[in-house]
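Report on the structure given below.
Reminder, nothing fancy here: chain letters follow the sequence lines and each chain counts from 1. Since the structure is predicted, the reported quantities are computational estimates derived from the model, not experimental observations.
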Amino acid sequence: MNIQNMIAERFGAALNALGVDPAAYLDMIRPSQDPKFGDFQANFAMPLGKKLGKAPRDVAAEVVERLQYDDMLEAPEIAGPGFINLRVKTDWLARLAQSESVDERLGVESVATPRRYVLDYSAPNVAKPLHVGHIRSTMIGNALAHILKFLGHHVVSDNHLGDWGTQFGMIIYGYRNFLNEAAYKEAPVEELARLYRLVRQLVDYYAAKGQDEKLRADVVAASAKLDAQKAVCADAKARDDAEKTKESKDALKKANKERERLGKALEAAQEQYDGARKKIEGVENDPEVFALAQGRETIGQDVLNETSKLHHGDEANCALWRQFIPQCMKDVDRIYWALNVKFDVTLGESFYNDRLPGLVERLKKQGVARETEGAIGLFLPNQEIPMLIQKSDGAYLYATTDLATLEYRRDTFQPDAILYVVDFRQGLHFEQLFEAAKYLNMGDVELKHVKFGTVLGEDGKPFKTRAGKAVELRSLIQEARERAYEIVAANDAARPENERFTEEEKVETARRVGVGALVYADLSQNRESDYVFSYEKMLAMNGNTATYMQYAYARVRSIFTKGGIDVDALRREFAAGKRTLTLDVPEERALAFELVKFQSALENVVRDYRPNFLTAYLYELANKYSAFFEKCPVLRADDEDVRSNRLLLCDLTARTIAKGLELLGIQTVERM
RNA sequence: GUCUCCAUAGCUCAAUUGGAUAGAGCGUCGGCCUCCGAAGCCGAAGGUUGCUGGUUCGAUUCCAGUUGGAGACGCCA
């Protein structure tokens, strides 16, 4: 149940009665920001007054006069310039909370018209270990999939693995040239990852060497330009000192600005050069790697050749690929297991390989794709540069695969919407892809790039896997579990001996708490903003964290345990009308009001695919519960009715928190 | 060079999409456990929402300009 919508309906009727089309005004009914303005406020009287040429307060009064409210709302108050402040009647609220507390779905209605969604998220490159950046796509997508399903939509979550690109050329090359068989037998995934890193290092090494001279020359040139500009600035300064005219001043300003720009250009050139040097020295200072590098000047091309052979069905390479994939997947799946993430389907890039030639042919026949500088480009109406769909060596690109994927999804799932949960830096790619989709007979399917910001390092620069220092997700998860374990163990040791956890329980509790903290740290952020990675923040377990909610949940549950309460019997009593919920103190009412807003919170998430609206809601709920918990004794309440009342509120709180966390992909614990 | 995004408390971030006195966490300071779990609660300090204009009843939110930061820009994904 969504109270806001109910109120909106009533205002709709009132506005109609006034001869006003309510469409533009009903979404101006909002929860109040300050409790002293009531529970909800209607803000439309100001613009409407303007339109009708009447005083907003008079308009407000006229609307209120026609509003049917008295079963559910206190008398509306008109305040300030024309705000209509609304307060839900407490007994009405109590009835609603009671009905939701005995409802399987916590009062959340299924949507009237379900849509079919395909969600594309996670999609790691399986040849590389997952790093901290992968948690965003994975967990945002996972949360959205759960929430959409719970609201009654039809959802297919699809993990579009990167299992077919250049990275496998590298591994194949490494396997052929550098394999340590003993290590491969012992720990295949680690060995493959080592090979990948080694080959990558060598490819980068020769690429850097090839550019070394040019980059150095760039630095020298940039430096010379800067020096020349400095002279220009000095002249301009002398002239300005002499003339002091507006003209000379402007000229000086302009010269200084140019100097600044050139300074930055020099810095950028230097950075590029340093980067290349670092790659070169990294190899040359490591005798072992340097020895391996000898005589492999063509490694870059060789790797591409291995990739190309794979794509064109070379038997030996395909066999190797088939051998590697399960190994790589084992590694990836371990992470998904730890994060408690599952997919409905996992169709990687390789799945679409045999559809690519036909796709390109058709687009060529349609006349929208044609040769450009040796490659095949797809020419789009609103884009200056064509989207390349086939390289000059015949290999395909990820744009090609994405187009083939669109067709497949169209035919297989008949979606109303496809959501891509992908880093915002790929924005241009999706703009082009969605434009290109118009050639694919996609109908009116909604294509949406659910973009998210970059994870930055402590230096404020984007985290890059190749930088070598990327924090692997596996070790982050490990760390989270260890920190949680310490707290769990310390807490446990303070308990009476007969209530203590077994070792197994401690480990499992630590896993849920630690991973929950990690996941929550990510989901609680507005997905579009970049954020600075810090261990402290990702692993925090107090404040606005999953732990806080898990803790609230565990506290509620312990009340039921301690009191020996039969929850089912309690719910039955209320369901059968043997008891009636009342909200007698402000903390009870505030808690109930928050509980009843669950559906609205979920709807807010879905409106723009922002899981942080749900974390914000849960935090608010846990907060309200803490206030209630402080002020309102439950088991110690001396009145039987009060006790049952509060127990019912506790139960609904626990279930709402558990459901909310579950939708986010976070598990609860009975004790912690 | 072209285009896109961002700028909010000391730090990390919110702000239900134009609403009333901009909120949290961390950190700082001060209170609360013979009482259902203190991973908690209550309170204090901390702000010209980068800057300048504009739009209007009303702007952190929309527009223009400006400064600073990040990113993208055909054979990587």
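No more than 12 heavy-atom neighbours from other residues, nucleotides or ligands sit within 6.0 angstrom of CD on A/E77.
Base orientation of B/U17: syn, the glycosidic angle falling within 90° of 0. Glycosidic conformation at B/C33 (O4'-C1'-N9-C4 for purines, O4'-C1'-N1-C2 for pyrimidines): syn, within 90° of 0. Base orientation of B/G74: syn, since the glycosidic angle falls within 90° of 0.
Note on A/E431: nothing from the nucleic acid sits closer than 4.0 angstrom, heavy atoms only. A/Q550 comes within contact range of no nucleotide atom at all, as no heavy-atom separation falls under 4.0 Å. Nucleic acid contact for A/A79: base, since at least one base atom lies under 4.0 Å from a heavy atom of the residue. Among the protein residues, A/P56 comes within range of no part of the nucleic acid, since none of its heavy atoms lies under 4.0 Å from any strand. As judged by a 4.0 angstrom heavy-atom cut-off over every strand, A/K36 is placed among the base-contacting residues.
The separation of B/C6 from B/U66, taken at their C1' atoms, amounts to 16 Å, rounded to a whole angstrom. Using atom P as the reference point in both B/C26 and B/G18, the two lie 31 Å apart (nearest Å). On the C1' atoms, B/A38 is 7 Å away from B/C33, given to the nearest whole Å. Rounded to whole Å, the P atom of B/A70 lies 23 Å from the corresponding atom of B/C62. Rounded to whole Å, the P atom of B/U61 lies 8 Å from the corresponding atom of B/G50. The same atom, C1', is picked in B/U28 and in B/A45; the two are 8 Å apart, to the nearest Å. Between B/U8 and B/G25, the distance separating the two C1' atoms is 15 Å to the nearest Å. B/G54 and B/G43 are spaced 40 Å apart, taking the P atom of each and rounding to whole Å.
Aromatic ring centroids of A/Y551 and A/Y548 lie 6.0 Å or more apart. No close placement of the A/Y396 and A/Y398 rings is indicated, their centers lying 6.0 Å or farther apart. Between A/F430 and A/Y420, a ring centre-to-centre spacing shorter than 6.0 Å is recorded. When ring centroids are compared, A/F452 and A/Y531 stay outside the 6.0 Å threshold.
Where RNA chain B pairs in unbroken runs of 3 or more (Watson-Crick or G-U, both distances under 3.5 Å), the stems are B:1-7 with B:67-73, B:10-13 with B:23-26, B:28-32 with B:40-44, B:50-54 with B:62-66.
A/N526 and A/R610 form a side-chain donor-acceptor contact under 3.5 Å, judged by distance and modelled atom types alone. Inspection of the A/R87 and A/S32 side chains reveals no N or O donor paired with an N or O acceptor under 3.5 Å. A donor and an acceptor atom, one from each side chain of A/N2 and A/E603, are located under 3.5 Å apart. A/Q667 and A/R511 share a donor-acceptor pair across their side chains, judged by distance under 3.5 Å alone.
Rounded to a whole Å, the CD atom of A/E371 is 18 Å from the P atom of B/G74. Spacing between atom NE2 of A/H160 and atom P of B/A77 amounts to 11 Å, rounded to whole angstrom units. Between the P atom of B/C76 and the OH atom of A/Y196 lies a distance of 14 Å, rounded to the nearest Å. What separates CE of A/M387 from C1' of B/C76 is a distance of 15 Å, to the nearest Å. A/H311 places its NE2 atom 16 Å from the P atom of B/C75, with the value rounded to the nearest Å. Atom-to-atom, CG of A/L433 to P of B/A77 comes out at 14 Å; the value is rounded to the nearest Å. Atom pair A/Q432:CD and B/A77:P shows a separation of 14 Å (rounding to whole Å applied). When the P atom of B/A72 is taken as reference, atom CD of A/Q426 falls 10 Å away, rounded to whole Å.
In this structure, A/R370 is positioned above the aromatic face of A/F379, its NZ or CZ under 6.0 Å from the six-membered ring centre and within 45° of the axis.
Map A/N43 and A/Q390 each onto its nearest nucleotide of RNA chain B; the residue landing nearer the 5' end is A/N43. Where A/N85 and A/R30 each meet RNA chain B at their nearest nucleotide, the meeting point lying more 5' is that of A/R30.
The closest donor-acceptor contact from the side chain of A/R671 to the backbone of A/E499 lies under 3.5 Å. Panel note: side chain A/R527, backbone A/V421; no donor-acceptor pair is recorded below 3.5 Å.
Using cut-offs of 30° and 60° on the angle between ring planes, the pair A/F533 and A/Y535 is perpendicular.
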### Query
What string of B, S and - do you get for nucleotides 34-43 of chain B 5' to 3' if you count protein non-hydrogen atoms under 4.0 Å?
-SBBSBSS--

### Message
One character per nucleotide, please: for nucleotides 1-15 of chain B, 5' to 3', B when the base has a protein heavy atom closer than 4.0 Å, S when only the sugar-phosphate does, - otherwise.
### Response
-----------SSSS

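Looking at A/S392, its side chain comes within 3.5 Å of the base of B/C75 through a donor and an acceptor atom.
Using a cutoff of 4.0 Å between basic side-chain nitrogens and carboxylate oxygens, A/D218 and A/K225 are not scored as salt-bridged.
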